[in-house]
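Heads up, the thing below is written out as structure tokens.
Predicted, not measured: the structure shown is a model, and the values here were computed from it.
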Amino acid sequence: MLSAEAKHAIQDAYSQFLKAKKLKPRRGQKQMVAAIARTLGGISYDDEGVRTSNLPVCVVEAGTGTGKTLAYLISTIPFAEDLGKKIVVSTATVALQEQLIVKDIPDVAKHSGLEFRYALAKGRGRYLCVHKLDLELQDQRMFEATLDMFGGGESSQDQKDLFNQMLDQFLSGKWDGDRDNWPEQVEQEDWSRLTATHRECSNRRCPHFNACPFFTARKSLEDADLIIANHDLVMADISLGGGAVLPDPAQTIYVFDEGHHLPDKAINHFAGQVKLHQEENLLKQIGKSVDGLGKQSGTPMGLLQVVQAIPAAIDAISGQLKLVRHMVMSFMGEQAEQEGYHQHRFRMGLVPDELIETSVELNKSHNTLYGQVDKIVDALKSSLNKEDGEYRQQDAERWFPIFGLLLARLEAAGMLWLSFGQRDLEGNPPTSRWLERVYTESEDDIGLYSSPILAAELLAKNLWSRCFGAVVTSATLTALGRFDRFRMKAGVARDNHSEIIESPFNYPALGEIVVPSGAKEAGTGPEYNEHIVKLLDENLTLDESALVLFTNRRMMNDVKGGLPFELKQHVMTQDEFSKQEVIRQHREKIESKKPSILFGLASFAEGIDLPGDLLQHVVIVRLPFSVPDDPVDATLAEWLESQGRNPFMEISVPDASVRLIQACGRLIRTETDTGKITILDKRVLTKRYGRLLIDALPPFEKKSCVPLMQSRSFNVI
């Protein structure tokens with residue numbers, strides 16, 4: 001039960017914060033605080049603080065303007081302190097993460113009276129590996145066996161200059177080794193040479209361990225009561241068993257802000273792929289690396305048998321890959337020899353028997369080679385910082401990260417072959433499996449892919465059953481007014497508490513949704529693009545800031561190209577600069593009283609905050625249904641159909657509803673914002689599901705210029 005001390009701490013902190021900020025209490029905010037406190041207070045646990053109840057999750061959809069960040073911080077911090085638990089606040093976007101760490105959490109720490117320590121958690125990939133930087137500058141990592149893996153060829157002079165600058169800034173204490181804190185953007189090609197995966201990292205055996213930026217940052221997490229992370233890092237930590245980077249799940253209360261992204265993040269984390277040409281290169285790199293290590297350091301007697309067996313293991317995999325290539329080419333038929341990109345999806349994830357059999361053998365062969373390379377890695381690891389190991393210390397330092405990376409890639413490939421070699425259990429959701437053929441002047445390769453179609457079981461098993469407690473919140477957790485879609489995707493049991501908190505904004509007075517008279521049902525091709533150009537010319541004005549949202553990049557650029565010059569000159573697409581730069585230039589234009597119109601895709605339909613004059617008109621070109629040929633969605637649809645269910649109404653329409661709500665949510669960011677939403681897709685009026693989509697939107701005033709419409713949600717004008 002929630003102790004009286006914790007309850008009073010929540011009430012006092014909330015009152016003190018409002019008083020310090022001169023704010024009035026919000027009904028929805030108080031409602032959210034109460035919902036979280038009731039859920040966490042209802043968690044039962046034993047004398048050692050281990051959870052014993054089965055309903056630890058509070059799911060809250062909080063409309064824009066609720067103030068959900070304050071609500072979940074105020075309600076979780078006293079509770080976690082009372083029980084000696086850690087809090088991990090996880091986001092889906094960098095923008096929200098920065099807002100939390102720079103503004104919201106310091107604000108609560110300053111004005112609530114609550115005393116807590118907080119820190120930002122990032123994955124290894126965001127931090128400099130000092131050892132790799134040292135080796136780059138010594139030119140000791142440019143081995144022939146690894147050129148393809150690390151970008152090909154030696155470092156350019158520009159890279160060496162950058163690396164020397166980084167070393168100077170790091171040694172002088174002016175830079176902490178965090179990629180995000182480097183004053184300029186670092187290209188991925190450059191950064192990939194300087195960061196290490198957990199497989200490449202020798203941990204305390206590394207000669208630079210005491211100066212390691214990643215482990216320095218990790219120490220701060222040990223002292224923190226509240227940790228800010230992202231969904232990808234949480235899933236990575238969970239997949240490693242939990243407690244690898246973040247606190248032990250059993251001792252953690254998770255808060256998933258932007259929680260509607262969590263299921264897709266989990267799916268992506270457990271997906272796998274193999275590209276045949278890349279795997280052939282991987283095998284060559286393993287062979288060359290083993291040979292190069294042997295020539296440089298010799299082969300210890302204890303590894304002689306292992307090293308001698310590696311060529312045979314590589315040959316076995318190479319022969320099996322040739323069989324796979326032949327099978328794939330036959331599966332794809334004439335498409336295999338045609339230029340371009342082609343996809344072949346296995347219906348319900350059912351792979352033909354001959355490919356299953358070969359995949360089983362490939363998995364076995366990968367396990368064999370993995371075991372052999374792993375023994376070399378262990379020998380190198382044991383030689384680090386030791387003079388009496390299997391290898392010389394200097395050679396071990398040089399080769400350990402290379403073999404660690406080779407081992408990680410070998411493991412990933414083996415997991416893909418394991419997936420293709422398995423048959424899904426009857427009655428369970430299938431795994432989506434498909435092939436991709438890329439045949440262009442610059443690339444000729446075949447990829448094999450697998451992915452879960454639902455994250456429900458993964459999250460239920462790895463997260464909800466293991467954490468002490470969790471809060472999932474977002475402005476869009478329901479679809480068409482129900483939590484069914486989220487529960488199905490996220491695996492949150494129905495008996496866990498869920499609640500909808502309405503936005504405090506007076507939407508009918510702040511804005512309107514309009515379907516213009518020229519609107520048509522969505523189409524494709526040049527003629528349809530010309531129609532959209534005409535509609536935009538009629539509905540956009542230069543005296544209001546606007547965001548036009550597309551579902552297709554090519555269409556976005558073609559439409560911009562077709563606009564009249566007097567309009568086009570004020571349009572900026574998200575392809576022209578980075579997202580941050582586009583927003584900065586837009587803001588600068590509006591503040592200078594100049595016209596500005598943004599053209600964007602899905603990433604601009606969510607997560608950008610342009611209050612007041614920065615955004616007065618949102619135009620939605622097409623209803624945001626998912627791409628019909630997405631293999632994961634297609635397999636999910638087939639499985640639902642096999643269960644006698646309707647995938648369009650159960651998945652496609654609810655998903656489109658969430659995206660449409662997110663897009664419309666760009667318009668009203670504060671209680672004083674006003675503006676208009678224009679939908680150019682007539683299907684909201686002519687299709688049966690259109691009424692459902694419109695009714696799920698915030699209650700703006702709704703108008704239609706289209707005659708003979710079938711939706712009662714609109715007034716005719």
Kindly indicate whether the side chain of [X], heavy atoms from C-beta on, has any atom under 4.5 Å from the side chain of [Y].
X      : Y      : answer
Arg437 : Val328 : no
Tyr341 : Glu436 : yes
Leu380 : Leu384 : no
Leu283 : Leu321 : yes
Met572 : Phe577 : yes

More than 12 heavy atoms of other groups within 6.0 Å of [X] [atom1]:
X      : atom1 : result
Glu576 : CD    : yes
Lys375 : NZ    : no
Met555 : CE    : yes

Quiz question: by atom type and distance under 3.5 Å, do the side chains of [X] and [Y] form a donor-acceptor pair?
X      : Y      : result
Gln662 : Thr476 : yes
Ser383 : Gln393 : no
Trp417 : Glu279 : yes
Thr440 : Glu443 : no
Thr91  : His231 : no
Arg179 : Gln188 : yes
Gln165 : Gln169 : no
Gln338 : Tyr439 : no

For residues [X] and [Y], report the shortest heavy-atom separation together with the two atoms involved.
X      : Y      : answer
Ala211 : Phe170 : O-CZ, 3.2 Å
Thr431 : Ser451 : CG2-O, 3.3 Å
Leu615 : Ala546 : CD1-C, 3.7 Å
Ala663 : Leu549 : CB-CD1, 3.6 Å
Leu221 : Leu120 : CD2-O, 3.9 Å

Interatomic distance, [X] atom [atom1] to [Y] atom [atom2] [nearest 0.5 angstrom]:
X      : Y      : atom1 : atom2 : value
Ile402 : Lys132 : CD1   : NZ    : 9.0 Å
Phe420 : Asn363 : CZ    : CG    : 13.0 Å
Leu406 : Asp374 : CG    : CG    : 12.5 Å
Gln343 : Leu435 : CD    : CG    : 9.0 Å
Leu463 : Met235 : CG    : CE    : 6.5 Å
Leu614 : Ile590 : CG    : CD1   : 6.5 Å

(request) Apply salt bridge (charged side-chain N to carboxylate O under 4.0 Å, His left out) to Arg398 and Asp395, showing your working. (result) CA-CA 5 Å; Arg398 222 184 301 174; Asp395 294 338; 3.6 Å; yes
(message) As a quick check of understanding, evaluate salt bridge (charged side-chain N to carboxylate O under 4.0 Å, His left out) for Asp225 and Lys86, giving each step before the final call.
(response) CA-CA 5 Å; Asp225 305 301; Lys86 300 274 192 175; 5.3 Å; no
Enumerate, atom names and distances included, each donor-acceptor pair closer than 3.5 Å involving a side-chain atom of residues 600-611, sequence neighbours excluded.
| unit_1 | atom_1 | unit_2 | atom_2 | d |
| --- | --- | --- | --- | --- |
| Ser603 | OG | Gln574 | NE2 | 3.3 |
| Glu606 | OE1 | His261 | NE2 | 3.1 |
| Glu606 | OE2 | His260 | NE2 | 2.7 |
| Glu606 | OE2 | His261 | NE2 | 2.6 |
| Asp609 | OD1 | Arg669 | NE | 2.9 |

(request) Give the ring-plane orientation class for Trp182 versus Trp175, where under 30° counts as parallel, over 60° as perpendicular and anything between as tilted. (result) perpendicular
(request) Give the ring-plane orientation class for His131 versus His208, where under 30° counts as parallel, over 60° as perpendicular and anything between as tilted. (result) tilted
(request) Identify, with sequence neighbours excluded, every residue that meets side-chain contact (heavy atoms from CB on, under 4.5 Å) alongside Asp630. (result) Val632, Asp633
(message) According to salt bridge (Lys or Arg N to Asp or Glu O under 4.0 Å), who are the partners of Arg584, at least two apart in sequence or on a separate chain?
(response) Glu581, Glu588
(request) List the steps and the verdict of salt bridge (charged side-chain N to carboxylate O under 4.0 Å, His left out) for Arg117 and Asp223. (result) CA-CA 7 Å; Arg117 294 159 296 183; Asp223 298 328; 5.1 Å; no
(request) Answer yes or no: is there an ion pair linking Asp180 with Lys122, defined by an N-O contact shorter than 4.0 Å? (result) yes
(message) Taking Asp232 first and then Lys265, would you say they form a salt bridge - that is, a charged N and a carboxylate O separated by under 4.0 Å?
(response) yes
(message) Looking at Phe209, I'd like to know if the NZ or CZ of Arg205 sits under 6.0 Å from its six-membered ring centre while staying within 45 degrees of the ring's axis.
(response) no
(request) Check step by step if side chain to side chain donor-acceptor pair (under 3.5 Å) holds for His570 and Ser596. (result) CA-CA 5 Å; His570 301 295; Ser596 183; over 6 Å; no
(request) List the steps, then state whether side chain to side chain donor-acceptor pair (under 3.5 Å) holds for Gln320 with Ser365. (result) CA-CA 9 Å; Gln320 291 160 351; Ser365 301; 3.0 Å; yes
(message) Taking Thr93's backbone N and O only, do any of them form a donor-acceptor pair with Asn230's side chain (distance below 3.5 Å, no angle check)?
(response) no
(message) The test is salt bridge (charged side-chain N to carboxylate O under 4.0 Å, His left out); show your working for Arg199 and Glu411 and say whether it passes.
(response) CA-CA 11 Å; Arg199 285 289 188 188; Glu411 181 181 32; 3.0 Å; yes
